[in-house]
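What follows is a set of notes on a single structure, which appears directly below.
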Amino acid sequence: MADRKRKILIVDDDQNIHLAAKYMLRDRYECVSAYNGDEAKVVLQGHSIDLILLDIHMRYHEEGLKYLPILKEIEPDVDVIMVSSNTELDLAGRAIQLGASAYLIKEHSAEQLQITIESVLKKRQLLNENNHYVCDRKRILEKNQIVGSSAAVQQLMKDIEKVRRSMANVIITAETGCGKELVARHIGANDRKPFVAVDSATITSSMAESILFGHEKGAFTGAQSQARGLFEEANGGTIYFDEISNMPLEIQAKLLRIIQEKEVTRLGSTKVIPLNFRVICASNKDLEKLVAEGKFKEDLYQRLNVISLRIPPLRERKEDLGLLISHFLKSFRYENSPKGFSDSAMHLLQKYQWPGNVRELSNLIANLCTMVTDQELVNPEDLPARIREASFGQAESLGESRLSDENQAPESIDAEEFVDPNMDFYKYMHRLEGKVLNGFYKQYGGNISQMSKTLRISRSHLYSKLHAHQIHQ
């Protein structure tokens with residue numbers, strides 16, 4: 001979308017002033033006219049204006065000064081340049097106190113007019129860019145790292161870099177806890193551009209229009225001042241809807257219109273405000289399935305689904321566990337916290353399926369850094385029961401499958417091996433798992449696909465296990 005021309009409202013009772021100003025500004029700005037304060041009110045209420053050139057003396061003495069606060073109340077963010085043939089410093093000071101951005105003597109040149117307008121608009125841009133919605137890309141990326149060296153993560157990072165350079169809408173799909181907002185921020189965190197994050201579940205039907213589109217003072221009971229909506233706040237940047245599938249259908253319809261038209265009208269106003277933004281949505285549900293079930297609007301889905309990104313769950317990239325653990329240990333460690341994990345504990349973490357994904361791992365490390373103290377390493381007994389039991393159950397299941405397929409128990413380990421001080425229950429289970437996998441590997445002649453189907457685990461997970469046991473390199 002090409003940048004639109006800034007719109008300037010010229011308010012003066014002299015038609016020759018209008019003609020001269022429009023001629024001087026014709027190449028860079030779109031100009032509209034009003035010949036007194038009342039006409040200026042009507043224009044400002046019905047149009048999106050970037051700057052006003054306001055004459056001080058029109059129908060009566062100091063009419064412009066009287067209407068200046070009125071116009072600023074209608075649109076607080078609009079810049080006003082007061083124009084007058086009067087050179088009194090007192091008059092200029094009063095205009096600035098009432099909200100004018102600059103004061104210009106009427107006998108100005110075209111160059112003076114251009115420079116004044118440009119300086120005022122540039123100052124407004126800088127003010128907008130320094131509000132709390134504006135992202136500094138370097139800071140955002142340092143704070144919100146995507147950690148991992150697996151092929152899946154490397155491909156995701158390449159895709160993010162491609163998408164980041166465009167303003168195309170994006171749908172991010174992933175299970176809960178995979179870091180959907182993290183990926184969205186990497187896409188939308190462009191230097192000096194706003195990024196507005198929205199929890200879709202909080203957008204209720206009764207307040208949806210006010211929250212999304214904004215409202216004027218007095219638009220409804222309790223609207224005591226003008227407020228910009230979320231789309232206005234995101235103008236020029238990105239608006240991110242987390243778990244878009246939670247948004248009610250009636251609100252989806254309102255969302256569709258603004259995404260299509262790229263313009264908004266605040267509640268209580270007839271003024272259309274043109275916008276430019278990119279929408280990023282995230283969902284842990286299959287949106288295509290929801291469309292087929294009539295639970296998500298198909299036309300909204302088509303409008304949003306320009307680019308689709310999938311974040312792999314942690315169980316599909318367990319080779320990243322070591323890097324993730326190091327990252328979280330660095331973030332959560334205290335002086336007396338463990339510095340790492342024993343081999344036996346790492347075996348259990350590798351076997352665990354991580355239904356809560358990276359968020360579950362992060363919470364686990366934060367807990368261990370707080371609760372496990374005065375020891376160098378985290379041991380298996382320090383881990384939650386769900387991880388120890390799930391890992392044991394998996395190894396036991398593998399043993400049963402092996403027994404069922406070959407009608408014989410896997411090779412047993414002599415109990416006397418536990419005399420070895422380096423042998424414990426968890427190392428025993430790890431060795432047992434290796435023997436089971438080695439038996440399957442030989443039985444299927446190294447056919448990983450067949451092994452994956454039989455054992456009902458993903459190929460990437462199986463590869464990591466075979467690699468860990470040095471069965472398949």
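FYI, side chains are in, hydrogens and waters are out, and symmetry mates aren't considered; it's all heavy atoms of this structure.
Cation-pi geometry between Lys262 and Phe277 is satisfied (NZ or CZ under 6.0 Å from the ring centre, within 45° of the ring normal).
Side-chain polar atoms of Asn246 and Ser200 form no donor-acceptor pair below 3.5 angstrom. Of the N and O atoms on the side chains of Asp382 and Gln375, at least one donor lies less than 3.5 Å from an acceptor on the other residue.
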Item checked: Working for side-chain hydrogen bond (donor to acceptor under 3.5 Å, both in side chains), residues Asp38 and Tyr67 -> CA-CA 8 Å; Asp38 291 322; Tyr67 275 87; 2.6 Å; yes
Next item on the list: Please assess Asp13 against Arg59 for the test side chain to side chain contact (heavy atoms under 4.5 Å, CB included), listing each intermediate value before the final yes or no.
Entry: CA-CA 7 Å; Asp13 59 349; Arg59 293 174 297 183; 5.7 Å; no
Checklist line | From CA spacing to verdict: side chain to side chain contact (heavy atoms under 4.5 Å, CB included), Ile280, Phe241 | finding: CA-CA 6 Å; Ile280 301 178; Phe241 288 95; over 6 Å; no
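Using modelled atom types, no side-chain atom of Arg333 and backbone atom of Cys369 make a donor-acceptor pair closer than 3.5 Å. A donor-acceptor distance shorter than 3.5 angstrom exists from the side chain of Gln353 to the backbone of Lys351, with no hydrogens or angles considered. Judged purely by atom type and a 3.5 angstrom limit, Asp320 uses its side chain to pair as donor or acceptor with the backbone of Ser149.
Looking at every heavy atom in both residues, Ala40 comes nearest to Leu9 through O-CD2, 4.0 Å.
Between Tyr352 and the options His347, Arg315, Glu360, a side chain to side chain donor-acceptor pair (under 3.5 Å) holds for only Glu360.
One distance of note links NZ of Lys297 with CD1 of Ile251; it measures 13.0 Å at 0.5 Å rounding.
Checked for salt-bridge contact, Asp12 and Lys106 meet the test: a charged N lies under 4.0 Å from a carboxylate O. Arg266 and Glu209 are not joined by a salt bridge, as no carboxylate oxygen comes within less than 4.0 angstrom of a charged side-chain nitrogen. Salt bridge absent: Glu216 and Lys271 never bring a charged side-chain N and a carboxylate O closer than 4.0 Å. Using a 4.0 Å cut-off between charged nitrogen and carboxylate oxygen, Lys66 and Glu63 do not count as a salt-bridge pair. Salt bridge annotation for Lys217-Glu73: present, with a cationic side-chain nitrogen under 4.0 angstrom from a carboxylate oxygen.
Looking only at side-chain heavy atoms (C-beta outward), Val83 and Ile56 stay at 4.5 Å or farther from each other. Residues Arg317 and Val358 are in side-chain contact: their nearest non-hydrogen atoms beyond the backbone lie under 4.5 Å apart. In this structure the side chain of His57 reaches within 4.5 angstrom of the side chain of Ser84, judged on heavy atoms.
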Output side-chain donor-acceptor pairs under 3.5 Å for residues 300-308, partner residues at least two apart or in another chain, one line each.
residue : atom : partner : partner atom : Å
Tyr301  : OH   : Glu288  : OE2          : 3.2
Tyr301  : OH   : Asn305  : ND2          : 3.2
Asn305  : OD1  : Ser308  : OG           : 2.4

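Remark: Glu316 pairs with Arg310 by the side chain to side chain donor-acceptor pair (under 3.5 Å) rule, at least two apart or across chains.
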